[in-house]
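Proteins get letters first, then strands, A, B, ... in listed order; numbering begins at 1 in each.
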Amino acid sequence: MSISDHKQKELERLSAILQEAHQVQGVSLWTDAWKRLKRNKAAMFSLWSLIVIVLLAIFTPLLPLQSPTYQDVKNRELLPPQMESYSLGIKEYDQETERLQTEAQTHAYGSSEREALLTEVDARVKKHPIQLYWLEPGFISKGMISLRLMIFGDFCIPSLFGTDKLGRDVLSRVFWGSRVSLACGFIATFVSLLIGVSYGAISGYLGGWVDNLMMRLVDVFYSIPFIFIVIFIMSFLSGPDVREVLNEYGVGQIHVFFLLIGAIYWLTMARVVRGQVISLKNEQFIEAARTIGATRMQIVFRHLVPNVMGIVIVYLTLTIPAVIRFEAFLSFLGMGVQAPDISWGLLVNEGVQVITIIKSYWWMIAFSGMALAVTLFALNFLGDGVRDALDPKLKNK
Amino acid sequence: MVPVLRKYFPALLMLLAVISVVWAINLGTLPPADFVFNNGTEVKTIDPAKATGVPEGRVINALYEGLLRSVPDGEPDDLGRTPTKPKAVAMSDSYTVSEDGTVYNFHIRENATWTNGDPVTAEDFAWSWMRFLHPETASEYNYQLFYVKNAKKFALVELEEGDPVEVELKDRPVQGQIFPRGTIRRGQLLEVIQAVAEDDHSEVGGHGHGGSGGEGPAIYVVEFQSLDQQSEVHVYTTVDSDDDEIQSLVQSYQGETDLTKLQSVEHVLFDFDYVGIKALSTHQFEVSLNSPTPYFTELAAFYPLHPVHRGSLEKHGDREFTKPEFIVSNGPFVLRERRIRDRLRLVKNDQYWNADSVSLNSIDVLAIQSETTSLNMFLNGQLDWDTKPPNTLIPILKERDEWVSTTLLGVYFYRINTSKPPLDNPLVRQALNMAIDKKSIVDNIVKGGQVPARSLVPPGMNGHQSGYCGEYNPQEAQRLLTEAGFPNGKGLPTIEILYNTLDSHRDIAEVIQQDWKKNLGINVSLRNLEWGTYLDTLRIGDYMVSRSGWIGDYADPNTFLDMWVTDGPNNQTKWSNSFFDEGIEKAKYESDPTERMEIFRQIEQTLMDEQPIIPIYFYVSTNMVNTRIKGFTANLQDVHPLHLLSIEPEGSE
Amino acid sequence: MQVLTFLLKRFGWMIITVWIVFTISFFLMRQIPGGPLNGERVLSEAVRARLEARYNLDAPISEQYFSHLWNTVQLDFGPSFKLQDYTVNEVLAQGFPVSVALGILGMVFAITIGMTSGVISAVRRNSAYDYSFMLMATLGIAIPNFVLAAMLIVIFVFNLQMFPAAGWGDISQIILPAFCLGAPFAGYIARLTRTGMLEVLSNDYIRTAYAKGLSPRTVVLKHGLRGALLPVVSYLGPAIAGILTGSLVLERIFVIPGMGSHFIEAAIQRDYTLAMGALMTYTVLLFVMNTLVDLAYSIIDPRVKLE
């Protein structure tokens, strides 16, 4: 063989190896996990459902729903699910206002008729039904509602879920209630994440008696029944001075409620993170970071925490449904979200309070119950899937 | 050992599980009772002197019996209401009233006994009423006997120099129990040495003049007449004799009495012998009132005044003496068993003087708070009487044979805190009242046939005339609001409605929220608090508008009106009107019924004009009673004496 | 010996935990607006002052703290503020057995249903049984127990009329609440059993057992189950805690006079002493159960050391 032939063969051999190497891709934890998750049909279905649910919740003000708070006890009390159309009557109202305005113009300037009509127009503008239909919407919601009125006008989806004791449409209540329940779930979980991860990471990394002490505290907190704490803080919050301070910062009772629940659920997160940190802290890359002079806080937050994210996400999928269920539990007992705010727990409570042997009013329970159940179901499936996907034992399978 | 344990562990567990399941199932199975009803809540207590609510009243009226008893008497009127009257079909079988209407003389029935065989005597009543009024018993209802001569002085320890007093020494036989009391010495109060109250502009120098005028602990100088007509003077105080304030009083004392032998005692009270409550003999009991009080007979039938058995109370103490194993009572039923928040099991008292007429043998009193659960249990056959079915179903339930309802002597209303601007302006309050569509609430929310209210005192009492507030008139309400300076609600802060957690209250509050928004342009927020926090919040006045309710204790307008006097403990609205206060006092002494009703009408009109409260509706009783039960009548006070009920045997119609 | 040191250590921690819980809740409760002396008829000042004196509420707070602590140590929880005729001990004595009974039945339901379905699922893996059982398990876990209770009431009490609506005192009144209580835990246990069994069944010694000619049933029940028992037992700790919390809401719906309903009412009514007493009892109960579970765990699994 000539020298070039030899080289050629060598080249081919090496390129073959290179090709092989290319095919066996190094996979990061995330890509690997994502691939596996995608294969889990149930989990993916849950993921999509949850995305749909969350999107619906976010865009609820945009949807052509009836008012969740407007009562019509006389005519619409406890109606079963139905297809009868419902109109908001805003167009008519505005037309009447306009008519009065025009009529006012026909009278002489400064005349008493003109003044009377103008006052009435003024009053009508102030008491526009929008304010009755959606109590105190926030800035973004208000924008969405105006958009909705522009697009859909007076049209409303009929009461597919029936109406409640005060004549309010259950369908829109379930939708508006989802915003609170889901927001509570995510925000509270986020709070618990912040607290739990920091606590666990610090405790696990520092080790020794600090770790011992911190974990013992966690053990003790586990023993305290939550309800007590929640009642205390909720009623403490209703004190006048506290309320005023909160109102100044635009914080409502409900926001504090979110924080409160989050502050309860950090315990498991802390434990889990600590466990993970303990097993990670003797790894080489930590050693390396220490050698280059990273401070302890830097190590904890810049190196350990990102590597703990996997297990944190798993516990997130466990915590979110737990929080949502806890909020429902409290609202059911009357200690959580208060009227006129709406949450799924509150709706289920309203439902349970009307079911009797004579008339079961099943729609008061069925839909809010299902909304809760479906969401929790999906979260659980997703959680299972995520857990399986992130399981290192199944890596690259 | 451990390997053996491990091997048999699953089997052990199984055994444990089976045993515990059997135990769990066996726990508390009771034979069923003749009659089961839902009392609506766990009773706070069954000690008559300490109870305050309707549920407690039902049980106490079954276990105990007072001088008189309010029973249905007469034919139903055209609204289906049977009148109830206090009658001498109780511990007393007859009574007389003096000419001027201030002295009542009750004859105690000869054959009335307690469940342990002791006869019921007038002394039992005298002692029980003394205990009821005793400041240490701290009965929340003690003011109901303040019509009796000197009763108020005794209960509130209002001592003035010259008063006869009784001194209880610190030698109580049983630690921690009020009764039996220590030695009692009776004498005359010579002096009261007490720090001057802050706003009392009388003499300086630590010497107040009169027990109720001063502040802080006091020193009492009492003179006793000993057997040989010698008089001794003793000096007493009810706190520790080396208490700082007492010592400073002693230091600054400038009078003549020798204070060195200061003695610490349990109580220095107005001498009960001078209170208008006397046992004249074993079976004659006399009560002397300050002025003729037309509803006194109703009070004599009112359950807080029922007697208790002195012997058993002194033996067991006031916490234990009502336990099923200790209780000695005198009513138609006996307490057999009491399971907290589950039931009270009452059993017929064979010793009851009228036992022959009592038809029920056993009664279960349940404590279910949820209206729907209670109704479901009724419809299931688990209950015979449901006192409060859910509002939404009332139109359906009304059509059933089991429905028994009539107007109830009570009013559902909203309190307004008149010290919080802009609610201090009566025009604003009137506007708020006229913007509420009460008829809609009554027709669409509560649905029991309640009556929208424009006055506070419910109609239905003899000769009573109402004072009225404005009716539903959104236009007028708007005009009033504009006149007050808030056209279309502009400039008004968010008004908050407070209510205690209950479905009906929330529903009504939400409707009113919408009414005020719609008709007045006012923003309204709702706040609901649990019962305890709610009451405390009301008491300290930390509310703007609050839901309230009041049931009459007796069938007279006074029970609805006397709470609105300036600083009355049940006022809570900071409303004060001297014309009103005077009217209440005048009415107490007015003997001509027509005049009296006129006084009430006038002051009620004042109340309605100033509108510190917004009446919403008058209550209606809403009972569901199994058709097998006989003797259940609809009446204004919704009293249903259990011993008058009987069950029709099945298949006899 | 090891067991003894373990128990002593645990006991020590229990005392500390209980003491911390006592202190925190004592101060929390004193902060809540709303004294214990409330009723529909508001008290006049004179009466209120007397009541406060009787319950020692006008003493300085440190004095109240220590006297209450001393009493608690002697297991005297004091008189109930709201239930005037009772001491806390008496209330708890009545309510505790009821809650325990309900909890036991709930747990029994959970374990029997859970383990049975878990085993069947594992043995008949990927079959229709497996899928439907696991689906129901997730359902049980997902649906909050009060929603489940409401639905079951509509079906079984109203429509089928098989059970009474509420109350306590008869077997028929226990079944529905116990089932609702145990359902979520049955779900977890089913899944744990299934996973545990699957893991065990894939072991070599199982294959050996089959090779030896043992019937499938013996293999599964005698050997497989033992392995599956471990995760279930370790789950019992949180399960018991969950059952106690779950019973709070169920005792309300089904009107069962257990400790849970007393506790909720006490918290709502500011019945200080009763709430504290119930709280202490729950804390101790949980601690004891967790210790027992740890003991059981060490017995079952010889590899586990008690620490």
Side-chain angles (χ1 to χ4, degrees), chain A residues 67 69-78 119-120 122-129 131-133 135-136 164-168 231-232 234-243 247 252-253 333-341 346 349-361 364, chain B residues 370-380 389-393 396-397 400 437 440-441 443-445 447 478 482 487-490 494 496 498-499 501-504 506-511 513-515 517-521 523-530 532-534 536-537 540 542-543:
Chain A
S67 157
T69 47
Y70 185 68
Q71 304 155 16
D72 190 359
V73 194
K74 245 182 263 231
N75 308 317
R76 306 195 83 228
E77 191 194 349
L78 285 168
T119 327
E120 201 180 325
D122 215 29
R124 284 181 72 92
V125 166
K126 285 236 172 56
K127 288 194 297 170
H128 199 273
Q131 289 163 339
L132 278 180
Y133 287 151
L135 286 173
E136 319 276 318
D164 73 357
K165 225 182 350 174
L166 292 178
R168 298 175 294 204
I231 296 180
F232 158 59
M234 293 305 275
S235 51
F236 174 64
L237 286 179
S238 63
D241 36 348
V242 182
R243 247 185 305 140
N247 277 330
Q253 210 177 1
L333 287 172
M335 295 180 214
V337 171
Q338 310 282 3
D341 290 321
L346 211 58
N349 186 22
E350 286 177 8
V352 164
Q353 283 172 358
V354 289
I355 53 173
T356 61
I357 301 182
I358 299 185
K359 289 201 103 181
S360 71
Y361 300 120
M364 292 280 291
Chain B
S370 155
E371 294 168 355
T372 22
T373 309
S374 175
L375 178 68
N376 286 332
M377 289 177 77
F378 177 83
L379 294 170
N380 232 346
N391 289 335
T392 27
L393 293 175
I396 303 178
L397 296 176
R400 294 174 67 120
D437 187 358
S440 171
I441 292 179
D443 288 340
N444 301 316
I445 307 276
K447 295 198 263 222
Q478 284 162 24
T482 313
N488 286 322
K490 193 153 81 165
T494 303
E496 184 189 73
L498 172 70
Y499 62 96
T501 313
L502 190 70
D503 256 8
S504 334
R506 183 192 66 210
D507 294 343
I508 293 176
E510 290 188 8
V511 168
Q513 177 185 47
Q514 185 159 288
D515 275 346
K517 178 96 186 146
K518 205 165 62 161
N519 295 327
L520 295 175
N523 278 330
V524 176
S525 69
L526 301 181
R527 174 158 65 124
N528 83 304
L529 292 175
E530 297 146 350
T533 324
Y534 158 80
D536 207 54
T537 311
I540 62 180
D542 174 33
Y543 70 95

* Smallest separation among heavy atoms of T356(A) and L375(B), with atom names ->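 Heavy-atom minimum between the residues: CG2-CD2, 4.0 Å.
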
Decide yes or no on side chain to side chain contact (heavy atoms under 4.5 Å, CB included) for R400(B) and I358(A), but give the supporting numbers first. CA-CA 12 Å; R400(B) 294 174 67 120; I358(A) 299 185; 3.9 Å; yes

**Request:** State plainly whether the residues K165(A) and E510(B) are in salt-bridge range, i.e. N to O under 4.0 Å.
**Result:**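 Answer for the salt bridge query: no.
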
At a 4.5 Å cut-off on heavy atoms, which part of [X] comes close to chain A: side chain, backbone, both, or neither?
X	result
N380(B)	both
D515(B)	neither
L397(B)	side chain

By a 4.5 Å heavy-atom criterion (distance strictly below it), what part of E77(A) contacts chain B: side chain, backbone, both, or neither?
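Answer is side chain: those atoms of E77(A) sit under 4.5 Å from chain B.
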
Practice item. Tell me, for L78(A) versus chain B, whether the close heavy atoms (under 4.5 Å) come from the side chain, the backbone, both or neither. Key: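 Interface part for L78(A): side chain.
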
Hey, is the main chain of I355(A) close enough, under 3.5 Å, to the side chain of T372(B) for a donor-acceptor pair?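 Not at all, since once roles are kept as given, no pair shorter than 3.5 Å links the two residues.
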
